[in-house]
Amino acid sequence: MPELPEVEVVRRGLVTHLTGATLRDVDVLHPRTGRRYPGGSAALAQALEGATITAINRRGKYLWCVLESESTDLTTSAVPVLLIHLGMSGQIIIDDGTASLRPHCRMRAHISGGRSVSFVDQRTFGYLTIDRLIWDPRTERWIPSLAQHIAPDPLEEGFDMEVTVRELRRHRVPLKSALLNQEIISGVGNIYADEALWAARLHGARLTSGLSYAQLTTVLTEVQAVMRRALAVGGTSFDALYVNTAGEPGYFARSLHSYGKAGEPCDRCGTPLVSIVLGGRSHTYCPSCQKLPVRTR
DNA sequence: CCAGAGACCTGAAGGC
DNA sequence: TGCCTTCAGGTCTCTG
């Protein structure tokens, strides 16, 4: 499940292999992959034909390739980008172009040197589309218009801890749900939300409005810390659905303390971890280290 | 405006 | 053995 660290690992792979690359013989092979592009997958493939990638950037789980195009479709004053969201099973694989089409391959294009780039996505929650860059005054950088609604992510330069804490407190929702809300903080998914809550010793059901500035700052600091550690080892490959651009898994799964460990002893106190459903998503926590405050009345 | 629920999708895993 | 149900996840859309 690609969250911020996994998407960043993919971005770094693309920087190495796609910077300066021109897309040729573009095929978009599934209708859902191009569903966000007006005209759909066939029109998307046509628009991408001959486009050259000049830079690859990211905010949260949103990834985009800045394009220069020989196609008039893309020539306007605004800078066009290929926006990529990996959804929950998206992979981008660079190979030597001789391999046969991979299972669940949703887009394939040839690039220079006889190589090819494939977008593989088993569950089709991911998508590709073409968007335009707009200026984001909050962080003083260019972002795709379709990423306008998401907040800065905890590892980007313009991330403001105090603003995010205030935004968390403005909502009256379970802390776990707030961490997953990309409009409050972007890039966090179920794995790193559970891990940060475990590290901060906070129960995910606690309401954001009832938590102190110090507690919220702690959990955000833990989000940053766990993501940096995961990034350092190539991300989390909990199942076969996440790999880097070379098709290799990351190694952070072995460092997880709570996600996917219901019933196993807590690494701090030995109490068996418990799993509940919160906002429609599983939340695994230690009932001893991450207590809910006792309700009076 | 805001919170919560449902829809989307596919393969793995569990139950009978 | 085989069929059926349930579950997992991120984001968008709808409802109250």
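Below, chain A is the first sequence line, B the second, and so on; all start at residue 1.
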Tell me yes or no: between the side chains of A:Glu195 and A:Ser258, is some donor less than 3.5 Å from an acceptor?
yes
Is A:Arg24 salt-bridged to A:Glu49, cutoff N-O under 4.0 Å?
no
Parallel, tilted or perpendicular: which one describes the rings of A:Tyr285 and A:His203, with boundaries at 30° and 60°?
tilted
Side-chain H-bond candidate by donor/acceptor type, A:Ser118 with A:Asp95, under 3.5 Å
no
Rounded to the nearest 0.5 Å, how far apart are CG of A:Leu241 and CD of A:Glu6?
11.5 Å
Produce the list of close N/O pairs, under 3.5 Å, pairing protein atoms with atoms of nucleotides 1-4 of chain B; give distances to one decimal.
from	atom 1	to	atom 2	distance (Å)
B:dC2	OP1	A:Arg170	NH1	2.5
B:dA3	OP1	A:Arg172	N	3.0
B:dA3	OP2	A:His171	ND1	2.7

For the pair A:Asp136 (side chain) and A:Glu140 (backbone), establish whether a donor and an acceptor sit closer than 3.5 Å, ignoring hydrogens and angles.
no
Do you see a donor-acceptor pair shorter than 3.5 Å between the side chains of A:Ser282 and A:Tyr259?
no
Kindly say whether A:Leu168 contributes a backbone atom to a donor-acceptor pair with the side chain of A:Thr208 at under 3.5 angstrom?
yes
Before you tell me yes or no, could you show the steps for A:Asp153 and A:Lys61 under salt bridge (charged side-chain N to carboxylate O under 4.0 Å, His left out), namely the whole-Å CA-CA distance, both residues' side-chain angles and the distance that decides it to 0.1 Å?
CA-CA 9 Å; A:Asp153 75 53; A:Lys61 305 168 198 170; over 6 Å; no
A:Leu83 CG to A:Arg36 CZ distance, which is reported to the nearest 0.5 Å:
8.0 Å
Would you indicate whether A:Glu264, at its atom CD, is surrounded by more than 12 heavy atoms from other residues, nucleotides or ligands within a distance under 6.0 Å?
yes
Ignoring hydrogens and angles, tell me if any N or O in the side chain of A:Ser209 forms a donor-acceptor pair with the backbone of A:Arg169 under 3.5 Å.
no
Bend across the helix from B:dC2-C:dG16 to B:dC16-C:dG2, to 10°, with axes taken over 5 pairs at each end?
60°
Sub-4.0 Å heavy-atom contacts from residues 250-259 of chain A onto DNA chain C, ordered by number:
A:Tyr259
For A:Asp27, all residues meeting side-chain contact (heavy atoms from CB on, under 4.5 Å), sequence neighbours excluded:
A:Leu29
Do the ring planes of A:Trp198 and A:His257 sit parallel (below 30°), tilted (30 to 60°) or perpendicular (above 60°)?
parallel
Which pair of non-hydrogen atoms, one from A:Arg170 and one from A:Glu167, has the smallest distance, and what is that distance?
NH2-OE2, 3.0 Å
Listed pairs, N/O of protein and of nucleotides 11-14 of chain B, under 3.5 Å:
from	atom 1	to	atom 2	distance (Å)
B:dG11	OP1	A:His104	NE2	2.9

Let me have a per-nucleotide readout for nucleotides 10-16 of chain C, 5' to 3', with B, S or -, counting only protein heavy atoms under 4.0 Å.
BBS----
